[in-house]
Amino acid sequence: MSVELYALSIDAKDPAGLARFWAGVLGREAGADGTSLLPADGAVFRLRFLQSDVAKDRANQMHFDLTSQSLEEQEATVARALELGGQHIDIGQSPEEKHVVLADPEGNELCVIEPGNNFLANTGVIGAVSSDGTQAVGYFWSKAIDWPLVWDQDEETAIQSPDGGSKISWGGPPVNPKAPKNRLHFDLVPSAGSDVQAEVERLVALGATRLDSGQEDGEAIAMADPDGNEFCILTAR
């Protein structure tokens, strides 16, 4: 593997505040910078919260599906999220659905999934990063970070680290119109000894494109996957 998934970065008006919210919901330890959460509980990637004043005007391309081992745990997770500043939202879910749809203090969607969900079995608190995207983009990410496909049916795909933990899934068509810049994006890092430019070329051959600029002030190579979703290769961390 030439690049590894290092982080999922989330744009925020108040990065430290949003980091505190998610630390409380997920039970994860904050990094020394106060705006990141360290990997834990089956998640091989950290969370980073980046300063942005761009207003949220549509549903995110990605959201977290949080797992529950019992109804009591599901209720406790919902209560904790609400106490920390989250809110219930309506995205068209029916009353019969057993998962609970919430938003964090900056409006980012999340779902607290009921117990007994087989797809999220043996994952972690973040059972999946559930994404809007095509089958082709699922294939791209599987090859890009060398995570095997664990679901590929009816144009829906999902990948998971060989070590287990959180899945990343894509729901297939129809794909919602993309924001000018997604609020959530993946950050990759080169594996030890790998050639960064050769890795960029490999990703381009898989269907990625180079972007003119990113949010990392010259410390990253900005790219987009085949669906146009931004991601970065961090050259300093």
Side-chain angles (χ1 to χ4, degrees), residues 1-19 22-23 28-40 43-56 60-64 104 106 108 126 129 131-134 136-147 159 161 165-166 168 170 178-237:
M1 176 168 41
S2 298
V3 289
E4 302 171 14
L5 177 56
Y6 176 72
L8 175 60
S9 289
I10 303 172
D11 288 352
K13 292 184 178 180
D14 179 9
L18 207 57
W22 282 105
R28 287 172 67 169
E29 180 182 353
D33 56 12
T35 57
S36 64
L37 303 184
L38 303 179
V44 299
F45 54 89
R46 64 192 63 217
L47 300 180
R48 302 170 70 223
F49 299 90
L50 306 179
Q51 180 67 51
S52 174
D53 293 324
V54 177
K56 183 177 185 294
N60 288 331
Q61 184 262 346
M62 302 179 190
H63 71 267
F64 293 141
D104 72 15
E106 296 202 11
N108 300 302
I126 301 176
V129 180
S131 311
D132 194 33
T134 63
V137 89
Y139 292 170
F140 166 83
W141 280 106
S142 177
K143 294 175 181 176
I145 60 176
D146 198 24
W147 283 18
I159 62 175
S161 166
S166 305
I168 306 173
W170 294 270
K178 182 187 173 300
K181 179 183 181 298
N182 287 332
R183 296 182 67 79
L184 287 75
H185 74 265
F186 290 126
D187 286 322
L188 312 181
V189 293
S191 301
S194 63
D195 183 314
V196 176
Q197 289 306 318
E199 187 57 25
V200 170
E201 292 174 7
R202 182 181 75 89
L203 294 174
V204 169
L206 290 175
T209 54
R210 289 286 302 263
L211 299 178
D212 292 335
S213 63
Q215 194 170 1
E216 305 290 342
D217 299 325
E219 296 184 344
I221 299 170
M223 304 189 73
D225 69 19
D227 279 0
N229 301 303
E230 302 85 359
F231 67 92
C232 291
I233 301 177
L234 302 184
T235 55
R237 50 179 166 132

Exercise: identify the closest heavy-atom pair between M223 and A208:
CE-CB, 4.0 Å

With a 4.5 Å heavy-atom cut-off, do L188 and L5 have their side chains touching?
yes

Whether D195 side chain and Q197 backbone form a donor-acceptor pair below 3.5 Å:
yes

So for atom NZ, which belongs to K56, do other residues, nucleotides or ligands contribute more than 12 heavy atoms lying within a distance under 6.0 Å?
yes

Strictly by modelled atom types, are E199 and S194 linked by a side-chain donor-acceptor pair under 3.5 Å?
no

Could you report the tightest heavy-atom contact between G138 and I159, atom names first, then the distance?
O-CG2, 4.1 Å

I221 CD1 to L203 CG distance, which is reported to the nearest 0.5 Å
9.5 Å

So, the side chain of R46 versus the backbone of A30: is there a donor-acceptor pair under 3.5 Å, distance only?
no

Separation of L234 CG from R48 CZ (nearest 0.5 Å)
5.5 Å

Within the distance-only criterion (no hydrogens, no angle test), does the side chain of Q61 pair as donor or acceptor with the backbone N or O of L184 below 3.5 angstrom?
no

Side-chain contact test, heavy atoms from C-beta onward, threshold under 4.5 Å: evaluate it for D104 versus F64 and give yes or no.
no

Distance-minimising heavy-atom pair for L37 and A19:
CD2-O, 3.7 Å

Between the main-chain N or O of V54 and the side-chain N or O of R183, is there a donor-acceptor pair closer than 3.5 Å?
yes

When you measure from the side chain of T35 to the backbone of A16, do you find a donor-acceptor pair of N or O atoms at a distance under 3.5 Å?
no

Side-chain contact test, heavy atoms from C-beta onward, threshold under 4.5 Å: evaluate it for L211 versus K181 and give yes or no.
no

For the pair D227 (side chain) and T134 (backbone), establish whether a donor and an acceptor sit closer than 3.5 Å, ignoring hydrogens and angles.
yes

Is any side-chain heavy atom of N108 less than 4.5 Å from a side-chain heavy atom of M62?
no

Provide the closest heavy-atom pair for P190 versus V196 in the form atom of the first, atom of the second, distance.
CG-CG2, 3.6 Å

Can you tell me how far apart CG (L8) and CD1 (I126) are? Round to the nearest 0.5 Å.
8.0 Å

Is the side chain of Q51 donor-acceptor paired with the backbone N or O of K13 at a distance under 3.5 Å, no angle test?
yes

Heavy-atom closest contact (R28 atom, P39 atom, distance):
NH2-CA, 3.3 Å

Give, for atom OG of S161 and atom CG of D146, the distance between the pair rounded to the nearest 0.5 Å.
9.5 Å

Pairwise distance CG(D132) to NE2(H63) - rounded to 0.5 angstrom
10.0 Å

Reported NZ-to-CD1 distance for the pair K143 and I145, which is rounded to 0.5 angstrom:
14.0 Å

Answer yes if the ring centres of W170 and F140 are under 6.0 angstrom apart, and no otherwise.
no

Considering non-hydrogen atoms only, spot the tightest contact between W147 and S142 and give its length.
O-OG, 2.6 Å

ring-ring contact (aromatic ring centres under 6.0 Å, His included), paired with F186, selected from W141, Y6, F45, F231
W141

Could you go through the side-chain contact (heavy atoms from CB on, under 4.5 Å) check for N229 and H185 one step at a time?
CA-CA 7 Å; N229 301 303; H185 74 265; over 6 Å; no

